[in-house]
Amino acid sequence: MQRTHVNCTVNGDQVDFLATDDTSLLNALRDELGLISVKEGCGTGDCGACTIVVDDKINCACLMFAPEAEGLTITTVEGMALGEQLHPLQQTFLEGAALQCGVCTPGFLVAAKALLDRNPDPTETEIRYALAGNLCRCTGYDKIIRATQEAAVQMQTSKQRGAST
Amino acid sequence: MTVATKPRPYKYVGTRPVRHDGLEKVTGKARFAADLNMTAQLHGAFVRSPHAHARIISIDTSKAEAMPGVKAVVTGADFPNLDIKHPEFDTAVNIMARDEALYNGHAVAAVAALSAKQAKAAAAAVEVHYEALPAVLTIEEALADDAPIANFKNRTLFTKDTEPSNLASINQFDRGDIAAGFAQADIIVEREFTTTAVHQGYIEPHACVADCGQDGKVTIWASSQGHFAVRSKTADSLGWSTDRIKVIPAEIGGGFGGKTTIYLEPVAALLSQKAARPVKLVMTREEVLRATGPAPATKIHAKLGATTDGTLTTLASTMYFDNGSTKGYSALTGAMSVASYKLPNLELHAIGTVTNTPRSAAYRAPSAPQAAFAVETLIDEIAQHLNLDPIELRLKNAVVEGDLTAMGVPHPKIGFVETLEAIKNSDHYNSPIPKGAGRGVATGFWFNIGEQSSATVNLNEDGTAAVITGSPDIGGSRASMALMAAEELGLAVDRITPIVADTESVGFTDITEGSRATFATGMAVVNACRELISELQQRAATIRGVDIEQVEWVDGTAQIEGQDPLSIAEITALAKKTGGPLTATASLNAAGAGPSFAVHVADVAVDEETGVAKILRYTAAQDAGTAIHPSYVEGQIQGGSVQGIGWALNEEYIYDSNGEMENASFLDYRMPVASDLPMIDPIIVEVPNPSHPYGVRGVGETGIVPPIPTLANAIADACGVRMTALPMSPPRLLAALNQRNGN
Amino acid sequence: MAVVHLQADHRRFTNGQNVITVEGNTVGALIDELEHRYPGLGHLLTDGASVAINGELIPNGIFERVEASTEVHFIAPIAGG
Ligand code: FES
Ligand code: FES
């Protein structure tokens, strides 16, 4: 089958790959670019394990075709830490035991970061609704919500500190 | 919050370090089975039965084999036929149908090709000629007088029956005299309960990669709760010797019992052998729902009697558990789990059925949640009728050490009373019920098990350590192993690396199931550490030229009177000169697993317009024995609670009249999401298990047992409707409310 | 010799008796003796039962030693999730 040459930005890098029209973006990211953090839990947009950021909006990679990524900017968990420094969410998930098996974790981190980027001080209910597209079967969500709240507090404080110095 | 019976004497056990495998998981680097790729790897796809029950007359694979990219095709004919009495007979048949397809979704052939797309296309080109047979889909249909046989190879367990039957097992437990017991009772409540099948719902679908060499030896990367079991079950179903199979555990994306059995590995191994290339098999979510799990559907009739002071006198119950397409023990474990009360008179009949639905698999405290739904609902009704506090009533009847389980064996030291009291004293239970809501409580029990485990502890040259076990980590057990080793050796947790090793790198270890890993594998780790400590003492004696008797091991150092203490690092630095590397291995078949009890309380508001039951507050207390890593104990309690909540309120298998699952996707098989739930407040109760060096009981399972009756009781309190069928979903609750209102 | 407790399921072999004193120094010997006395029961105990000795579930099964005062329960097999 004919393959399309796709150019896009992934985690800050210009990349390109070949994909047939019916290849999902999920498979392209995993198989062509080796981004294994993007997991397939359902393939039908119902579990959020494949959550990625596409041009500032969260999306299920399993619901997009690879050629649709042409010209877009994509972020996955692989692009979340700043060099040696984990993102505050990664840190609070670790310290707050917000993961058990960890297969849902990349999707939650991406969705939680997207939430905090647009709403730095969400209520518990806002967090619960923002993460309602992500399934976790291990944790009962409790520690995920708390880790997100904690990261929000930390990010606010460091921002204030940054502003006051 | 933790309620302990004694102050904690430990330095590391009971602390909350960041887990060792955490970083890889928050950075996306952790490799689950589907993330692994081998050079020249092929992709597989299954052909599955579209019939709930059919004879397979013939399979023509020639068209599929001629398709582009196809390298191998296997069918039931490629697998050996095990003796019907072989313990893995049913597993082998479930992996690949032979002459009989037992449910819609049963694997009948598999293909390996260059790409997943080609494999799928080729699977569709395999021509299977079926003769459809009458199917039975429910417990009632299985038991009907003129019921067709669901599985011609099924023989009832524990009997010498040689004829096929729709009964999987028939068991009975009794004590006392139920007729006299009911005569003595002032109040008797009696109801029938039904529950549908539900899935374990792990987010990672089953996946594996197998690479078979020309020497006939295969390496399998698997996502499982027990890679030694993957090896033995693969060996059994292929008729291969164990040394031909090496299983490397990948990270596992949830199991909850559903990954204690296998579905893919023998098929991948055979395809790989035929194609002489690695083969990767990954299930779709639809395949996971149609062909793996679920937990049994049930029908339970129960009758409970009590005297006016709230003493439970008698329980009589007949429990039907549907095992799906092959026999199993589900009814038995359900009946055995009803053991939390003194109940002098007891008669339990446990009957397992076989139907043309997916073969059921273990799901967290297998069968106990369904049984608890029945018994804990009736207890609530008695408390309500007698106007007694539901916790007080349970305290009055709670089993303590020496009281009998349903099987008649005395309970060892247990913490049921302490767990009930933890809820009784909790902030939640002592807060007013929110206006318009109802409150429910219920309890749960699980045995926990011991079984076989091995561990090796290696000390590195600089005094750091590696702890190697054979227990796949499904909920943070690596951290627990490291904590116990830290406590024993007196070494900081971050200087210890816990590893789950493959089947050729560590001694045999049973499956991570029955809440046994921290208990039994933990004991192996402790024993290996203790052996290592005596060796360290010996080395210290050599270094200092004294007798070993003069060396004491205190807080990670060898202490010799009148001399400076020697640290582990100082001893390992001289290992070469004192006898070589420091390593110790221990294996055991653990006895003395400690039963665990849980008590939950929930406040629920019922929307009478929509039938939605909204949980406003939820608190779950559980006896952990000792919490090695409290965060992961809380995580087990919270995760188990929410699985139980999903089971109670939304999850169900829906089949059409042909036995095809109608809701085989996460859209239609609705598991709880964050916005459905409040925080789940965990209370860890600690009544140490005397049979474990740190008092561990195992916490994985009990948390799923109380939620169903807790919510049913809360709903009854909120709106006066007793729900006896699961799930208590909006349409069903609405129907019950309408009935209450007389419309 | 030991005191053996049987389940309701086993009683159809033993004319309704559920507590029986049996000769033998190991669990295996008890099972052999029970099979001898009540043909069919032994096979049921070997294939479909776990053993508890003095209230504790024991893993070693047939080789476990017993004494006159030992209480042996044959119970249904327990697994888990
Ligand atoms: S895999 Fe994309 S939402 Fe589940
Ligand atoms: S941690 Fe396992 S699914 Fe979320």
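All values below were derived from every heavy atom in this structure, side-chain atoms included, with hydrogens, water molecules and symmetry-related copies excluded. Every chain is numbered from 1 and lettered A, B, ... according to where its sequence line falls, protein lines coming before strand lines.
- Counting heavy-atom pairs closer than 4.5 Å to chain A, the top residue among I637(B), V26(B), V18(B) is V26(B).
- When heavy atoms are compared at a cutoff of 4.5 Å, I252(B) approaches chain A solely by way of its backbone atoms N, CA, C and O.
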> Stepwise, does the side chain to side chain contact (heavy atoms under 4.5 Å, CB included) test hold for F65(A) with L25(A)?
Replying inline: CA-CA 5 Å; F65(A) 288 114; L25(A) 180 57; over 6 Å; no
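- By number of non-hydrogen pairs under 4.5 angstrom with chain A, the leading residue of V282(B), L289(B), L667(B), V642(B) is L667(B).
- To the nearest 0.5 angstrom, L99(A) atom CG is 7.5 Å from C104(A) atom SG.
- Heavy-atom distances place both the backbone and the side chain of L94(A) under 4.5 Å from chain B.
- Summarising the geometry, atom SG belonging to C8(A) is positioned 8.5 Å from atom CG belonging to D16(A); distances are rounded to the nearest 0.5 Å.
- Annotation: the span from L29(A) atom CG to I74(A) atom CD1 amounts to 5.5 Å, rounded to 0.5 Å.
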Enumerate, by atom name, each donor-acceptor pair separated by under 3.5 Å where one atom lies in chain A and the other in chain B.
residue: T20(A); atom: OG1; partner: K117(B); partner atom: NZ; Å: 3.0
residue: D22(A); atom: OD1; partner: K117(B); partner atom: NZ; Å: 2.9
residue: R30(A); atom: NH1; partner: D35(B); partner atom: OD1; Å: 3.0
residue: R30(A); atom: NH2; partner: A34(B); partner atom: O; Å: 3.0
residue: R30(A); atom: NH2; partner: D35(B); partner atom: OD1; Å: 2.6
residue: K39(A); atom: NZ; partner: D35(B); partner atom: OD1; Å: 3.4
residue: K39(A); atom: NZ; partner: D35(B); partner atom: OD2; Å: 2.4
residue: G41(A); atom: O; partner: R285(B); partner atom: NE; Å: 2.8
residue: G41(A); atom: O; partner: R285(B); partner atom: NH2; Å: 3.0
residue: D46(A); atom: OD2; partner: L667(B); partner atom: N; Å: 3.4
residue: Q90(A); atom: NE2; partner: V26(B); partner atom: O; Å: 2.8
residue: L99(A); atom: O; partner: R19(B); partner atom: NH1; Å: 2.7
residue: Q100(A); atom: O; partner: R19(B); partner atom: NH1; Å: 3.1
residue: Q100(A); atom: O; partner: R19(B); partner atom: NH2; Å: 2.6
residue: Q100(A); atom: NE2; partner: G635(B); partner atom: O; Å: 3.0
residue: C101(A); atom: O; partner: K25(B); partner atom: NZ; Å: 3.1
residue: R128(A); atom: NE; partner: L677(B); partner atom: O; Å: 3.2
residue: R128(A); atom: NH1; partner: A674(B); partner atom: O; Å: 2.9
residue: R128(A); atom: NH1; partner: L677(B); partner atom: O; Å: 3.2
residue: R128(A); atom: NH2; partner: P678(B); partner atom: O; Å: 3.4
residue: R137(A); atom: NE; partner: Q200(B); partner atom: O; Å: 2.8
residue: R137(A); atom: NH1; partner: E651(B); partner atom: OE2; Å: 2.8
residue: R137(A); atom: NH2; partner: H199(B); partner atom: O; Å: 3.0
residue: R137(A); atom: NH2; partner: Y363(B); partner atom: OH; Å: 3.3
residue: R137(A); atom: NH2; partner: E651(B); partner atom: OE1; Å: 2.8
residue: R137(A); atom: NH2; partner: E651(B); partner atom: OE2; Å: 3.4
residue: Y141(A); atom: OH; partner: P672(B); partner atom: O; Å: 2.7
residue: D142(A); atom: OD1; partner: Q638(B); partner atom: NE2; Å: 3.4
residue: D142(A); atom: OD2; partner: I680(B); partner atom: N; Å: 2.7
residue: K143(A); atom: NZ; partner: E634(B); partner atom: OE1; Å: 2.6

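- Both the backbone and the side chain of L23(B) come within contact range of chain A, each with at least one heavy atom under 4.5 Å from a heavy atom of that chain.
- Between P369(B) and I708(B) the shortest side-chain heavy-atom distance falls below 4.5 Å.
- With chain B as the partner, the residue from G34(A), C136(A), A132(A) showing the most heavy-atom pairs under 4.5 Å is A132(A).
- Between chain A and the residues G254(B), G476(B), G201(B), the most heavy-atom pairs under 4.5 angstrom are made by G201(B).
- Residue P678(B) touches chain A through its backbone alone, counting heavy-atom pairs closer than 4.5 Å.
- Side-chain atoms of D55(A) never come within 3.5 Å of backbone atoms of L72(A) as a donor-acceptor pair (strictly under, hydrogens ignored).
- No other option in L135(A), L89(A), V38(A) has as many heavy-atom pairs under 4.5 Å with chain B as L135(A).
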>> Set out, in order, the CA-CA distance, both residues' side-chain angles and the distance that settles side chain to side chain contact (heavy atoms under 4.5 Å, CB included) for V673(B) and L131(A), then state yes or no.
In response: CA-CA 8 Å; V673(B) 299; L131(A) 300 181; over 6 Å; no
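- Looking at V15(A) and T9(A), their side chains never come closer than 4.5 Å, going by heavy atoms from C-beta outward.
- Annotation: side chain of L649(B) is in contact with side chain of I615(B) (closest heavy-atom distance under 4.5 Å).
- Only the side chain of L86(A) comes within less than 4.5 Å of a heavy atom in chain B; its backbone stays farther off.
- At least one side-chain heavy atom of L35(A) sits under 4.5 Å from a side-chain heavy atom of V10(A).
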> Going through the distances and angles, do I680(B) and I645(B) end up as a side chain to side chain contact (heavy atoms under 4.5 Å, CB included)?
Replying inline: CA-CA 11 Å; I680(B) 308 294; I645(B) 288 169; 4.1 Å; yes
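- In terms of heavy-atom pairs under 4.5 Å with chain B, the best-connected choice from P106(A), C138(A), G102(A) is C138(A).
- For A30(B), the part sitting under 4.5 Å from any heavy atom of chain A is the backbone (N, CA, C, O) and nothing else.
- To the nearest 0.5 Å, atoms SG (C101(A)) and CD1 (I203(B)) are separated by 7.5 Å.
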